[in-house]
Amino acid sequence: MTVNVLILCTHNSARSVLAEGMLNHLAQKAGRDVRAYSAGSAPSGRLNPFALEALANAGVDVSAYRSKSWDEFVGEGKPAMRIVITVCDSAAQETCPYWPGSPVQVHWGYPDPSNAPGGDEGKRVAFELTRQALAYRLVQLLALPIESMADSELQAALTAISES
């Protein structure tokens, strides 16, 4: 059975898209039945071109990616989310979305690479570093036997990853 992971941020244009792309890419390479989705509580309606560039440079097909509202994942007939990860940066006074319900939830905050100094080149570097940092945690997530873990075990493991 597919393990569905929802990655939330405010605008669904950068960090959550990077995480969705990397988790799907890494899961496919590892032969894992894990499916990532990303969404925002106030989606911008566009994807940051630097996020798409960083993913494409890592070998991720971004042709079908778009900015989505979390409303798309609520209601009957929608995939049940086992894991919800928020990637906004509360240190920057961003309001992180809250997903109600019983899935395992964890916060992996990252500064918004869209605000990086140094013009376009500075943003490219920031997006690549954010992609790599997310991938590091996502590889750890995929190393877990998530299909057979109890929610409490999975919660503890994802919290430990957030502290690494």
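What you see is a predicted model, and the numbers here were worked out from it, not measured in a lab.
With values rounded to the nearest 0.5 angstrom, L47 atom CG is found 5.0 Å from L52 atom CG. Note that CG of N24 is 4.5 Å distant from CZ of R35, once rounded to the nearest 0.5 Å. To the nearest 0.5 angstrom, D151 atom CG is 11.5 Å from I146 atom CD1. The line from CG of N12 to CD of E72 is 9.0 Å long, rounded to the nearest 0.5 Å. To the nearest 0.5 Å, atoms CG (L138) and CE (M22) are separated by 7.5 Å. Remark: L8 CG to E20 CD distance equals 11.0 Å, nearest 0.5 Å.
Cluster membership for V125 and L134, using ILVMFWY side-chain heavy atoms within less than 4.5 angstrom, is not shared. Linking ILVMFWY side-chain heavy atoms closer than 4.5 Å, directly or via other members, places L129 and W108 in two distinct hydrophobic clusters.
When side chains are defined from C-beta on, T159 counts as touching E163, because their heavy atoms get closer than 4.5 Å. At a threshold of 4.5 Å between non-hydrogen side-chain atoms, the residues D112 and R15 count as touching. Between L6 and N4 there is no side-chain heavy-atom pair separated by less than 4.5 Å. Proximity of M81 to V5: side-chain heavy atoms (C-beta onward) are nowhere separated by under 4.5 Å. Taking 4.5 Å as the limit, every side-chain heavy atom of P43 sits out of range of all side-chain heavy atoms of H11. Using a 4.5 Å heavy-atom cutoff, the side chains of P113 and R131 are not in contact. Put simply, the side chain of I83 reaches to within 4.5 Å of the side chain of L154, judged on heavy atoms. The closest side-chain heavy-atom distance from V17 to Y65 is below 4.5 Å.
When every heavy atom of I161 is checked against every heavy atom of L141, the shortest pair comes out as CD1-N, 3.7 Å. Taking each heavy atom of Y136 and S164 in turn, the nearest pair found is CE2-OG, 4.1 Å. Between A54 and L18, the closest heavy-atom pair is CB-CD2, 4.1 Å. Heavy atoms only, all atoms of each residue included: A116 and G122 are closest at CB-O, 3.8 Å. Shown here for S16 and V87, the closest heavy-atom pair between the two residues is N-CG2, 3.7 Å. Here the closest non-hydrogen pair linking A135 and L26 is O-CD1, 4.1 Å.
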Problem - From CA spacing to verdict: side chain to side chain contact (heavy atoms under 4.5 Å, CB included), E128, F50 - result: CA-CA 9 Å; E128 177 57 21; F50 294 107; over 6 Å; no

Practice task
Decide side chain to side chain contact (heavy atoms under 4.5 Å, CB included) for S38 and K68; before the verdict, give the C-alpha distance in whole Å, the side-chain angles of both, and the deciding distance to 0.1 Å.
Solution key: CA-CA 7 Å; S38 69; K68 301 172 289 298; 3.6 Å; yes

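By the neighbour-count criterion of 12 heavy atoms within 6.0 Å, atom CD of Q28 is sparsely surrounded, having that number or fewer from other residues, nucleotides or ligands.
The salt bridge (charged side-chain N to carboxylate O under 4.0 Å, His left out) search around K123 returns none, not counting sequence neighbours. E153 pairs by the side-chain contact (heavy atoms from CB on, under 4.5 Å) definition with M149, A150, not counting sequence neighbours.
Ion pairing of E147 with R32 is present here, as a side-chain N (NZ or NE/NH1/NH2) and a carboxylate O approach within less than 4.0 Å.
One side chain, R137 or Y110, offers a donor N or O that lies under 3.5 Å from an acceptor on the other. Side-chain contact, S13 with N48: no donor N or O sits under 3.5 Å from an acceptor N or O.
Applying the salt bridge (charged side-chain N to carboxylate O under 4.0 Å, His left out) test to pairs two or more places apart or on separate chains, none has a residue in residues 37-51.
Figure legend: R124 and F127 shown without cation-pi pairing, the cationic atom not lying both under 6.0 angstrom from the six-membered ring centre and within 45 degrees of its axis.
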